[in-house]
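Notes for the one structure printed next.
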Amino acid sequence: DKMNAVQILTLTMLLAAGGGAQLFKSGKCPDPAVQYNFDPARYLGKWFEIQKLPSAFQKGQCATSDYILQSPRVVRVLNRELLDDGTVRSAFGTVEVKDPAEPAKLEVTFSDVILLRGSYWLLSTDYDSYALVYSCKSYGLFHVELAWILSRQPTLPKDITEYLLSILSSIGVSVDKMVSTIQDEAYCSPMYQ
């Protein structure tokens, strides 16, 4: 009973702290297959967000991520998004390979405002056009999932998007909760000024 009370209190605090946009699911995180023989060096460069699961910490549109090699096992990342009020918000972080035997299972840390750390697993990528990223954190009897479909261009062909959604669906992700990110050139122009 004491454990249940702690879990309920934790859930209440997370929801009160803005976690209401997160997707809470019962049970533990799944352990999906990740990109075989992942090469972090080929993943470097700019990615455009095409779709995502909603999150409390990411509220804008036109989202991009730029990855730059800092050391053999550490990559710097700059995430940018356009907020509703027209301002561009940036967040700097690091992405680390925690175990060289599993280079597609990365950990990302953002410490600009608050320390935000989480898993960053590359489920699938061809490096040149698409990437599928998954993150999950367990909280006892439930877990919180995040997912992103990324593209090297502001658009991604529908058949590739459907393929990536099928991967997420196969591990139990509620793909009906995925939301599209606006990447329209005119709408996103403040990002490039």
Side-chain angles (χ1 to χ4, degrees), residues 31-53 55 57-83 88-137 145-165 167-168 171 173 178-185 188-193:
D31 188 17
V34 293
Q35 176 77 24
Y36 175 73
N37 210 15
F38 177 66
D39 181 356
R42 292 183 62 198
Y43 190 72
L44 300 176
K46 182 186 266 319
W47 290 95
F48 293 85
E49 180 183 274
I50 302 301
Q51 287 188 20
K52 68 176 177 261
L53 283 176
S55 70
F57 59 86
Q58 188 182 6
K59 299 191 181 301
Q61 298 294 335
C62 312
T64 62
S65 296
D66 287 287
Y67 298 88
I68 303 158
L69 190 64
Q70 182 173 317
S71 73
R73 288 180 51 186
V74 179
V75 171
R76 290 282 295 159
V77 60
L78 168 61
N79 286 348
R80 299 177 77 228
E81 64 180 339
L82 179 64
L83 301 178
V88 176
R89 180 169 58 184
S90 300
F92 295 92
T94 56
V95 183
E96 282 187 78
V97 174
K98 298 311 278 182
D99 179 358
E102 293 185 297
K105 290 184 175 182
L106 303 154
E107 182 177 89
V108 65
T109 305
F110 289 95
S111 56
D112 291 352
V113 181
I114 58 167
L115 183 62
L116 182 62
R117 175 177 290 142
S119 60
Y120 186 98
W121 290 10
L122 262 295
L123 300 188
S124 182
T125 186
D126 69 352
Y127 304 101
D128 299 321
S129 62
Y130 70 85
L132 178 60
V133 178
Y134 176 75
S135 179
C136 190
K137 177 112 173 126
E145 295 179 308
L146 298 169
W148 298 268
I149 292 176
L150 307 175
S151 174
R152 291 289 191 185
Q153 302 297 322
T155 61
L156 193 61
K158 187 176 180 181
D159 61 325
I160 295 175
T161 301
E162 288 175 356
Y163 163 69
L164 298 174
L165 289 171
I167 292 173
L168 290 174
I171 63 168
V173 173
M178 295 286 285
V179 294
S180 294
T181 302
I182 296 170
Q183 290 290 359
D184 177 74
E185 186 177 349
C188 297
S189 63
M191 293 275 289
Y192 306 105
Q193 294 176 358

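A quick note: this is a predicted structure, and the numbers were derived from the prediction, not measured.
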Inset, instruction - Report the distance from atom CG of Leu82 to atom SG of Cys62, rounding to the nearest 0.5 Å. - result: 4.5 Å
Legend entry - Considering all heavy atoms, the nearest Tyr192-Phe48 contact: OH-CE2, 3.5 Å
Legend entry - Test salt bridge (charged side-chain N to carboxylate O under 4.0 Å, His left out) applied to Lys98 - qualifying residues, sequence neighbours left out: Glu107
Inset, instruction - Search all heavy atoms of Glu145 against all heavy atoms of Tyr134 and return the closest pair with its distance. - result: OE2-OH, 2.6 Å
Legend entry - Atom pair CD1/CG of Ile68 and Leu44 - distance to nearest 0.5 Å: 8.5 Å
Inset, instruction - Determine whether Leu122 and Val133 make a side-chain contact, defined as any pair of heavy atoms from C-beta on separated by less than 4.5 Å. - result: yes
Inset, instruction - Might you point out which heavy atoms bring Trp121 and Pro32 nearest each other, and give the distance in Å? - result: CZ3-CD, 3.7 Å
Legend entry - Donor-acceptor pair, side chain of Gln183 and main chain of Ala63, under 3.5 angstrom: yes
Legend entry - 4.5 Å side-chain heavy-atom contact, Ser189 and Glu185: no
Inset, instruction - Find the distance between CG (Asp31) and CD1 (Ile171) and round it off to the nearest 0.5 Å. - result: 9.5 Å
Inset, instruction - Kindly compute the distance separating OG (Ser124) from CG (Leu168), expressed to the nearest 0.5 Å. - result: 10.0 Å
Legend entry - Note, Val108 side chain near Leu106 side chain (heavy atom, < 4.5 Å): no
Inset, instruction - Kindly determine whether Val95 and Val74 satisfy side-chain contact (heavy atoms from CB on, under 4.5 Å), including the steps that lead there. - result: CA-CA 6 Å; Val95 183; Val74 179; over 6 Å; no
Inset, instruction - Please tell me if the side chains of Tyr163 and Ile167 come closer than 4.5 Å, counting only heavy atoms from C-beta onward. - result: yes
Inset, instruction - Quick one: list whatever passes salt bridge (charged side-chain N to carboxylate O under 4.0 Å, His left out) with Arg80, sequence neighbours left out. - result: none
Inset, instruction - With sequence neighbours excluded, tell me which residues meet salt bridge (charged side-chain N to carboxylate O under 4.0 Å, His left out) with Glu162. - result: Lys158
Legend entry - Criterion side-chain contact (heavy atoms from CB on, under 4.5 Å) against Trp148, the qualifying member of Gln51, Gln58, Met178: Gln58
Legend entry - Neighbour count >12 (heavy atoms, 6.0 Å) for atom OH, Tyr36: no
Legend entry - Validation row: Leu83, Val88 side chains within 4.5 angstrom (heavy atoms): no
Inset, instruction - Write out all pairs satisfying salt bridge (Lys or Arg N to Asp or Glu O under 4.0 Å) with one or both partners inside residues 33-49, taking only residues at least two apart or from two chains. - result: Lys46-Asp66, Glu49-Lys52
Legend entry - Any side-chain heavy-atom pair of Cys136 and Leu146 under 4.5 Å: no
Legend entry - From CA spacing to verdict: ring pair (Phe, Tyr, Trp, His ring centres under 6.0 Å), Tyr127, Tyr43: CA-CA 6 Å; Tyr127 304 101; Tyr43 190 72; 7.3 Å; no
Inset, instruction - Go through the steps to decide whether Asn79 and Phe110 satisfy the test side-chain contact (heavy atoms from CB on, under 4.5 Å), and finish with yes or no. - result: CA-CA 10 Å; Asn79 286 348; Phe110 289 95; 3.2 Å; yes
Inset, instruction - Might you work through the side-chain contact (heavy atoms from CB on, under 4.5 Å) test for Leu150 and Ser65, ending with a clear yes or no? - result: CA-CA 9 Å; Leu150 307 175; Ser65 296; 5.5 Å; no
Legend entry - Ser151 side chain to Gln153 backbone, donor-acceptor under 3.5 Å: yes
Legend entry - Set of residues satisfying ring pair (Phe, Tyr, Trp, His ring centres under 6.0 Å) with respect to Tyr120, sequence neighbours excluded: none
Inset, instruction - For residues Ile149 and Leu164, determine if any side-chain heavy atom of one lies less than 4.5 Å from a side-chain heavy atom of the other. - result: yes
Inset, instruction - Spell out, as yes or no, whether a donor-acceptor pair under 3.5 Å connects the side chain of Ser135 to the backbone of Ser119. - result: yes
Inset, instruction - Measure the CE-CZ distance between Met191 and Arg89 for me, rounded to the nearest 0.5 Å. - result: 11.5 Å
Inset, instruction - Measure the shortest side-chain to side-chain distance between Thr155 and Ile50 over non-hydrogen atoms and say whether it is less than 4.5 angstrom. - result: no
Inset, instruction - Quick one: pull up CD1 in Ile182 and SG in Cys188 and give me the separation to the nearest 0.5 Å. - result: 7.0 Å
Inset, instruction - Heavy atoms only: give me the nearest Phe57-Glu81 pair and the separation to one decimal. - result: O-OE2, 4.2 Å
Legend entry - side chain to side chain donor-acceptor pair (under 3.5 Å) partners for Asn37, two or more places apart: none
Legend entry - Thr125 side chain vs Tyr130 backbone, donor-acceptor pair below 3.5 Å: yes
